[in-house]
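One structure below.
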There are 2 protein chains.
Amino acid sequence: MKEPGKEIGSENQKAQMRKGVLEFCILLTISKEKKYASNIIQTLKEADLIVVEGTLYPLLSRLRQTELLTHTWEESQSGPPRKYYELTKKGRETLATLKQSWSSLAKSVDHLTE
Amino acid sequence: MKEPGKEIGSENQKAQMRKGVLEFCILLTISKEKKYASNIIQTLKEADLIVVEGTLYPLLSRLRQTELLTHTWEESQSGPPRKYYELTKKGRETLATLKQSWSSLAKSVDHLTE
DNA sequence: ACATGGTACCTTGTAGTGCAAGGTACCAGC
DNA sequence: GCTGGTACCTTGCACTACAAGGTACCATGT
């Protein structure tokens, strides 16, 4: 069963584009300094990228399983302890590769736009 | 059951990025002149974007259902007739929106990279 | 006339991924 | 010890690309 006034491409598509670079952006975010989940969401939001918890946690787990990042618990002054994420060596290497992938992709799009 | 030496993010991720902009790129491709499927794949390949038939056909159907493009049959001089795709008015409008989405996304990534 | 190779179109089943919604645990203040 | 806030995590659903397999039409050679 589908809604009759189904959403047209543009809205949906914008979300689709965001998906593709999400993992990349999260690695970018952490690369500057270690952060915890809510912190990451905040940073991405400041860059106009909307992400929610339900998306982020599974993604962080996946990145940890592939050993791109590690986490350490730290006490908070107000509330429960926080899980700070940080890039591993492999994580930094992968990020470098992804930066190239991104610029390569941007180049392709430019090429098609002309 | 997973392969033990499972593929690490970078390869997989690059594909993921491509996915996000695929629909956008296809609309871009057609926007210049009407094309048929193999033709589109060829054009994308020249821009370093790999797409296969099994991906393209369902995508074109989807775009037709949402009325972003139409098709017309034309005879070929060598082989079966070809289905040429072309943007509709709504398609051109959507494409304009997507161009903005793309540049907005690129901006966000740049913002995070700095 | 009909077999063969090439071109083009299309469908089915599978795996990966983001997201909405709901759930658990810890801390501080009243 | 109750309440509100913060933080972490899981489950079920919908969407999408892709691999693989299938159909149809045309031209050429024998």
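So that the names make sense, note that chain A is the first sequence line, chain B the second, and so on, each numbered from 1. Values reported hereafter were calculated over all heavy atoms of this structure, with side chains retained and with hydrogens, waters and symmetry mates removed.
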Rounding to a whole Å, what distance do you find between B/Q16:CD and D/dC18:P? 10 Å

Would you say A/T55's side chain and A/V51's backbone share a donor-acceptor pair under 3.5 angstrom? no

Sidechain-backbone polar pair: B/K32 side chain, A/E114 backbone, donor-acceptor under 3.5 Å: yes

Can you tell me if the side-chain N/O atoms of B/R62 get under 4.0 Å from OP1 or OP2 in D/dC15? no

More than 12 heavy atoms of other residues, nucleotides or ligands under 6.0 Å from CD of A/E46: is that the case? yes

Nearest-angstrom distance from the residue atom CD1 of A/I40 to P of D/dC9: 11 Å

What integer distance in Å separates A/L59:CG from D/dC9:P? 13 Å

Produce a footprint string for nucleotides 19-30 of chain C: one letter per nucleotide, 5' end first; B if the base is under 4.0 Å from any protein heavy atom, S if only the sugar-phosphate is, - if neither. BBB----BS---

Can we say B/R82 and B/E75 salt-bridge, meaning some charged N sits less than 4.0 Å from an Asp/Glu carboxylate O? no

Of the candidate nucleotides C/dC9, D/dA7, C/dG18, which contains the atom at the shortest distance from the side chain of A/R82? D/dA7

Nearest 0.5 Å, please: how far is CE in B/M17 from CG in B/L49? 12.5 Å

Using a strict 4.0 Å threshold on nitrogen-to-oxygen distance, state whether B/K34 and B/E74 make a salt bridge. yes

Using a cut-off of less than 4.0 Å, is there contact between a side-chain N or O of B/N39 and OP1 or OP2 of C/dA8? no

Rounded to whole Å, CE of A/M17 lies from P of D/dC15 at a distance of 19 Å

For atom CG of A/L60 and atom P of D/dT10, their distance in whole Å: 12 Å

Can you see which heavy atom on B/T113 is nearest to which on B/V109, and at what distance? OG1-O, 2.7 Å

Nearest-Å distance for atom pair OH/C1', residues B/Y57 and D/dT16: 19 Å

Can you measure B/L56 atom CG to C/dT7 atom C1' for me and round it to whole angstrom units? 15 Å

Looking only at D/dA17, D/dA7, C/dT7, the nucleotide nearest the A/Y36 side chain is D/dA7

Taking atom C1' of D/dC9 as reference, at what distance in whole Å does atom CD1 of A/I41 sit? 13 Å

